[in-house]
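Below is one structure; the comments refer to it alone.
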Number of protein chains: 2
Amino acid sequence: MYPDGYTPPILTVDSVIFQLDGTVLSVLLIQRSKEPFKGAWALPGGYNAIGETTKEAMTRVLKAKGGIATKDLGLIEQLYTFDTVARDPRGHAVSVTYMGLGKNLEPKLNSTTQNPRFFPVTELPDLAYDHGEIIKYAHERLQAKITYTNAIFALLPKKFTLSQLQTAYEAVLCHELDKRNFRKKFLSLELIETTNELNKDGAHRPARLYCFRNPGLETLVRSFD
Amino acid sequence: MYPDGYTPPILTVDSVIFQLDGTVLSVLLIQRSKEPFKGAWALPGGYNAIGETTKEAMTRVLKAKGGIATKDLGLIEQLYTFDTVARDPRGHAVSVTYMGLGKNLEPKLNSTTQNPRFFPVTELPDLAYDHGEIIKYAHERLQAKITYTNAIFALLPKKFTLSQLQTAYEAVLCHELDKRNFRKKFLSLELIETTNELNKDGAHRPARLYCFRNPGLETLVRSFD
DNA sequence: ACAAAAGTGTTAAGAATACACCCATGT
DNA sequence: ACATGGGTGTATTCTTAACACTTTTGT
């Protein structure tokens, strides 16, 4: 099977799935059904077997344990590979982590899902393994990513108001932005354009809807914030 | 050994070691002594066995095949994990890659080194596997890294002139910078301070030597370039 | 009429860019 | 004296940051 005398460590994948819930950034967690850390909350993750890419394993595991289909995510990115020998009490496991961004995700429950639920990043329960560290790392990466790319699109509906856009930035960055400066700056980047539709949703002036010019990830000409 | 019916892929590590040779950025390659790709140039890399962290494996392999001690590197960073199932013709291998930065590295040859040599990044030979892609990725990461951190320190001697510093930036970024603007900007970041020593090295005015205030990696207050 | 969010401009400070000459040394 | 790289300043443009009121709608 393997070359002479070589035995590899276990390979696992873990996913950090973010979405916006109202004005806060949330992350998908599952509740472990087995030891170790039985009953504790954790990132959806599992084994990566030979013949399967890490992304395939991530897709399979995310569906099975978290009830989320990878194709419903707007952006997926490999984050980091965690491999402290001691991180899994069962033995040496190397975990390749991915970050996924989506919107209005609703875990579809089935016989293998493990109580998937979105938690605000500011109110996380106690977490299994080193998953708290992984989420922190993912959040920092996301904060950086939205300042030099248009990655925010993956957290928003196709058509959105400037207020929604600003709220998304504020949710990820965890601080407030000045409305006039935000709009001026963002519009000057020429990433979005107005549709001529209006969003009438309350007892106030309707808001214009915008959409991104290009569907994919782009690097900004001037970084943001 | 493993949980029920689970067999992991092979785990390998590969290192992209950069240093400056005069005014160009160079990368360490070895010449493969076995199939596949026998005789071709490649990044120093090898198996990562159970019980060994990826960083430990990287250290061991870099010494064995490349003749370079990890402790001689000024900065080491995990880059990305490459795992296209087809990337290694022998079968499914997942490679965790690291980037290392050093200065005046001289491979120490021994019975296991495989003809290690530094090649300018602009003049690479044909490379085994997907190592050309990996080097390109590492180079881009390094370019980004020196614009928002003081990572350049790892490519320079402890004391250096502003011209050496500028040359290092130019070598990594592959484009020229304006001398006056470079100096004004870099000094305003307050990362370096003057020693009162001079570098007398030729038939011209001696240059002041500077050093970094802090020994470790720092994020810049304003990003560079 | 009131509540609620949408939308809008100006000024001042700071940062980036473009650009050319004198200085100190060795030969 | 000349060749070589070291060292320096200013003017212009662009970017950021601070800041408050009017508009449009539903109730």
Side-chain angles (χ1 to χ4, degrees), chain A residues 20 22-24 143-144 146-148 156-157 159-171 173 175-211 219-225, chain B residues 20 22-24 143-144 146-150 156-157 159-171 173 175-211 219-225:
Chain A
L20 294 173
T23 62
V24 302
Q143 289 179 328
I146 64 167
T147 66
Y148 68 91
L156 291 169
K159 295 173 185 178
F160 51 86
T161 67
L162 292 178
S163 293
Q164 285 177 296
L165 180 64
Q166 182 177 343
T167 300
Y169 266 93
E170 290 173 339
L173 297 177
H175 64 81
E176 299 195 343
L177 299 168
D178 177 89
K179 183 160 66 157
R180 280 172 293 186
N181 292 341
F182 176 83
R183 289 171 180 228
K184 199 186 327 167
K185 173 80 189 267
F186 208 92
L187 291 170
S188 78
L189 297 173
E190 305 199 316
L191 291 170
I192 60 175
E193 59 193 8
T194 180
T195 68
N196 284 314
E197 298 169 62
L198 295 176
N199 183 35
K200 306 194 184 196
D201 73 338
H204 55 81
R205 178 171 176 175
R208 277 190 126 119
L209 289 166
Y210 288 79
C211 65
T219 300
L220 307 189
V221 283
R222 295 193 306 285
S223 85
F224 193 86
D225 221 17
Chain B
L20 294 173
T23 62
V24 302
Q143 290 179 328
I146 63 166
T147 67
Y148 68 91
T149 73
N150 63 349
L156 290 169
K159 296 175 184 177
F160 51 86
T161 68
L162 292 178
S163 293
Q164 284 177 296
L165 180 63
Q166 183 176 342
T167 300
Y169 266 93
E170 289 174 337
L173 297 176
H175 64 79
E176 299 195 343
L177 299 168
D178 177 89
K179 183 161 65 159
R180 280 172 294 186
N181 292 341
F182 176 83
R183 289 172 181 226
K184 199 187 325 166
K185 173 79 189 262
F186 207 93
L187 290 170
S188 80
L189 296 172
E190 306 199 315
L191 291 170
I192 58 174
E193 59 192 9
T194 180
T195 67
N196 283 314
E197 298 169 62
L198 296 175
N199 183 33
K200 305 194 183 194
D201 74 338
H204 55 81
R205 179 172 175 175
R208 275 192 127 118
L209 289 166
Y210 288 79
C211 64
T219 300
L220 307 188
V221 282
R222 297 191 308 284
S223 84
F224 194 87
D225 223 16

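Lettering follows sequence order; numbering is per chain, from 1.
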Practice item. Give a yes/no answer on whether the side chain of A:R180 brings an N or O atom under 4.0 Å of OP1 or OP2 in C:dG7. Key: no

Point to revise | N or O in side chain of B:S163 less than 4.0 angstrom from D:dG5 OP1/OP2 | key: no

Point to revise | Close approaches to DNA chain C from residues 188-203 of chain B, in residue order (heavy atom, under 4.0 Å) | key: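 Hits under 4.0 Å, by residue number: B:G202, B:A203.
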
Review point. Between the base of D:dT15 and the side chain of A:K184, is there a donor-acceptor distance below 3.5 Å?
Key: no

Check your understanding: Sub-3.5 Å donor-acceptor pair from the side chain of A:T147 to the main-chain atoms of A:D225, do we have one?
Key ->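 Answer holds: no.
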
Can you tell me how far the [atom1] atom of [X] sits from the [atom2] atom of [Y], to the nearest 0.5 Å?
{"X": "B:E170", "Y": "B:T23", "atom1": "CD", "atom2": "OG1", "value": "9.0 Å"}
{"X": "B:D178", "Y": "B:Q166", "atom1": "CG", "atom2": "CD", "value": "7.5 Å"}
{"X": "A:E193", "Y": "A:Y210", "atom1": "CD", "atom2": "OH", "value": "11.0 Å"}

Side chain of [X] only, heavy atoms from C-beta on: which candidate in [options] is closest?
{"X": "B:P206", "options": "D:dA18, D:dG6, C:dT25", "result": "C:dT25"}
{"X": "B:N181", "options": "C:dC19, D:dC19, D:dT8", "result": "C:dC19"}
{"X": "B:H204", "options": "C:dA6, D:dG5, C:dA16", "result": "D:dG5"}

Review point. What is the distance, rounded to the nearest whole Å, between atom CG of A:L177 and atom C1' of D:dA17?
Key: 12 Å

Exercise for review: Answer yes or no: is there a side-chain heavy-atom contact under 4.5 Å between B:I146 and B:L173?
Suggested key: yes

Exercise for review: Mind telling me whether A:Y169 and A:F224 have parallel, tilted or perpendicular rings, with 30° and 60° as the class edges?
Suggested key: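 Rings of A:F224 and A:Y169: tilted, as their planes differ by 30° to 60°.
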
Review point. Between A:Q164 and B:R205, which is nearer to the 5' end of DNA chain C once each is assigned its nearest nucleotide?
Key: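 With B:R205 and A:Q164 compared, the 5'-side residue is A:Q164.
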
Exercise for review: Describe the nucleic acid contact of B:R183 in one word from base, sugar-phosphate, nothing, applying a heavy-atom distance below 4.0 Å.
Suggested key: base

